[in-house]
Protein chains: 2
Amino acid sequence: MRVVVLRLGHRPERDKRITTHVGLVSRALGAEEMLLTGRDDGVVASLDDVASRWGGGFRVRQGVRWKDELRRFKEAGGMIVHLTMYGLGLAQAMPEIKEAYKSCDIMVVVGAEKVPGAVYGIADWNLAVGGQPHSEVAALAIFLDRLMDGRELDCEFPGGMRIVPTIRGKRISNASEAASKEASEDEIAGVGQEP
Amino acid sequence: MRVVVLRLGHRPERDKRITTHVGLVSRALGAEEMLLTGRDDGVVASLDDVASRWGGGFRVRQGVRWKDELRRFKEAGGMIVHLTMYGLGLAQAMPEIKEAYKSCDIMVVVGAEKVPGAVYGIADWNLAVGGQPHSEVAALAIFLDRLMDGRELDCEFPGGMRIVPTIRGKRISNASEAASKEASEDEIAGVGQEP
């Protein structure tokens with residue numbers, strides 16, 4: 001079944017990089033789409049650029065109304081997982097969510113600033129990835145990794161560049177394109193691109 | 001055994017929030033310490049503040065020289081895992097790393113901007129958390145979650161506030177302190193604090 005990520009409360013002046021990371025993680029770990037409340041053409045352009053060079057069908061839709069999206073998604077039979085510090089623990093809730101995922105699409109809601117109280121009521125699960133403050137990027141990553149049992153890391157992204165795993169060094173297939181384009185900073189943020 | 005995270009190439013004007021998230025994830029998912037090349041008092045203050053209110057013994061040390069730290073760590077018998085897009089896949093390398101972790105401390109290296117080539121040579125493992133561009137915050141989170149088999153999410157942080165998992169709503173033990181202090185934005189970034 002498919003996974004959609006809803007990024008709530010993005011503040012362009014502050015959350016640009018974090019929201020970009022949320023989008024990159026969504027794409028890399030098997031989500032089909034990120035919906036963004038508010039507008040940020042810079043974030044959308046970064047994500048579109050990565051998707052066009054690295055392949056696959058990931059897309060971003062900005063300026064959505066979260067209530068409408070949640071309602072529509074549920075009406076279509078999907079289920080909502082809201083990642084929050086104040087939810088049930090992963091170990092407790094995950095078996096039920098994985099069972100649902102066999103037959104239902106899942107929307108993962110990831111907040112930035114304060115999340116409207118109504119979200120907690122609409123969500124099918126309020127899910128805490130640990131009970132300590134950390135990062136929505138990390139919470140999303142661990143949730144998707146657990147939901148898909150690690151299989152998301154082997155996803156194919158047709159039409160894009162592909163890295164060939166190596167012990168040391170750097171190998172990219174479709175190398176002519178790789179060589180001709182400078183990787184954007186967010187794209188490879190911190191995952192070390194120059195051996 | 002213990003885990004230390006080395007954050008490489010932090011740029012204060014650009015990486016403040018991402019590095020803060022790297023630090024928060026390190027702490028929340030069981031690392032003992034984050035080492036930071038370069039200096040950023042703001043990041044250190046944010047992380048110290050979280051650690052003092054939420055408990056545990058996590059600490060940050062800034063202005064370190066990465067070569068010295070890597071060398072010292074290896075000389076003391078520790079092993080180095082460098083997270084990079086251009087490494088071996090998680091499924092392939094993880095069994096060996098987990099075996100080493102039974103008797104060795106692990107240093108996880110997480111880069112921001114371009115990582116010096118020497119890091120690839122010094123690292124015991126160059127490890128790719130998926131072959132797609134995403135986020136060092138996500139890569140670190142998935143790595144730690146896999147390394148500790150999810151047990152890190154149940155870590156105790158003595159002396160701090162504690163969230164009581166609930167289906168809906170928000171419960172914090174040691175609530176007088178929780179009520180008297182405003183959570184910082186990074187601390188609860190996007191994991192939805194206000195039901």
Side-chain angles (χ1 to χ4, degrees), chain A residues 17-18 21 24-25 27-29 50 54 82-92 110-115 117 119-121 126 128-142 145 150 153 157 162-163 165-170 183 185 187-195, chain B residues 17-18 21 24-25 27-29 50 54 82-92 110-115 117 119-121 126 128-142 145 150 153 157 162-163 165-170 183 185 187-195:
Chain A
R17 292 196 70 211
I18 299 288
H21 282 224
L24 289 172
V25 168
R27 174 185 171 278
L29 303 187
V50 169
W54 289 85
H82 170 217
L83 300 182
T84 163
M85 274 175 74
Y86 305 104
L88 285 181
L90 212 54
Q92 193 180 346
V110 201
E113 55 182 345
K114 296 193 173 190
V115 169
V119 172
Y120 288 78
N126 293 292
V129 180
Q132 291 287 321
H134 56 95
S135 162
E136 63 266 47
V137 180
L140 177 63
I142 290 176
D145 190 46
L153 297 178
F157 290 81
R162 211 167 60 78
I163 290 172
T166 47
I167 292 180
R168 284 184 173 78
K170 172 178 172 181
E185 280 181 304
E187 172 184 332
I188 33 77
V191 279
Q193 70 277 27
E194 286 293 337
Chain B
R17 292 196 69 211
I18 298 288
H21 282 224
L24 290 171
V25 168
R27 174 184 171 278
L29 303 187
V50 170
W54 289 85
H82 170 217
L83 300 182
T84 163
M85 274 174 76
Y86 305 104
L88 285 181
L90 212 54
Q92 194 180 347
V110 201
E113 53 183 344
K114 295 193 174 188
V115 169
V119 172
Y120 288 78
N126 293 292
V129 180
Q132 291 287 319
H134 55 94
S135 162
E136 63 267 46
V137 180
L140 178 63
I142 290 176
D145 190 45
L153 297 178
F157 290 81
R162 212 167 60 77
I163 289 172
T166 45
I167 293 180
R168 286 186 171 77
K170 173 179 171 180
E185 281 180 304
E187 171 184 334
I188 32 79
V191 279
Q193 70 278 24
E194 286 293 338

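None of the values given here were measured: they were computed from a predicted structure. So you know, we letter chains A, B, ... as the sequences are listed, proteins then strands, and number each from 1. The figures here come from the full heavy-atom set of this structure, side chains too, leaving out hydrogens, waters and symmetry mates.
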- Task: List the steps and the verdict of side chain to side chain contact (heavy atoms under 4.5 Å, CB included) for A:N126 and B:I167.
- Result: CA-CA 6 Å; A:N126 293 292; B:I167 293 180; 5.6 Å; no
- Message: Which residues pass the side-chain contact (heavy atoms from CB on, under 4.5 Å) test with B:I163, not counting sequence neighbours?
- Response: A:M85, A:Y86, B:W54, B:I172
- Are A:H21 and B:H21 side-chain neighbours, meaning at least one heavy-atom pair lies under 4.5 Å? no
- Item | Main-chain N/O of B:I142 paired to A:D145 side chain as donor or acceptor, under 3.5 Å | no
- Between B:P133 and A:A28, the two heavy atoms sitting closest are O-CB, 4.0 Å
- Within a strict 4.5 Å, meaning less than it, do heavy atoms of the B:R27 and A:Q132 side chains meet? yes
- Considering all heavy atoms, the nearest B:V25-A:S135 contact: CG2-CB, 3.8 Å
- Item | For the student: nearest non-hydrogen atoms of B:L24 and A:H134, plus distance | CD1-O, 3.5 Å
- Item | Part of B:L140 within contact of chain A (heavy atom distance under 4.5 Å) | neither
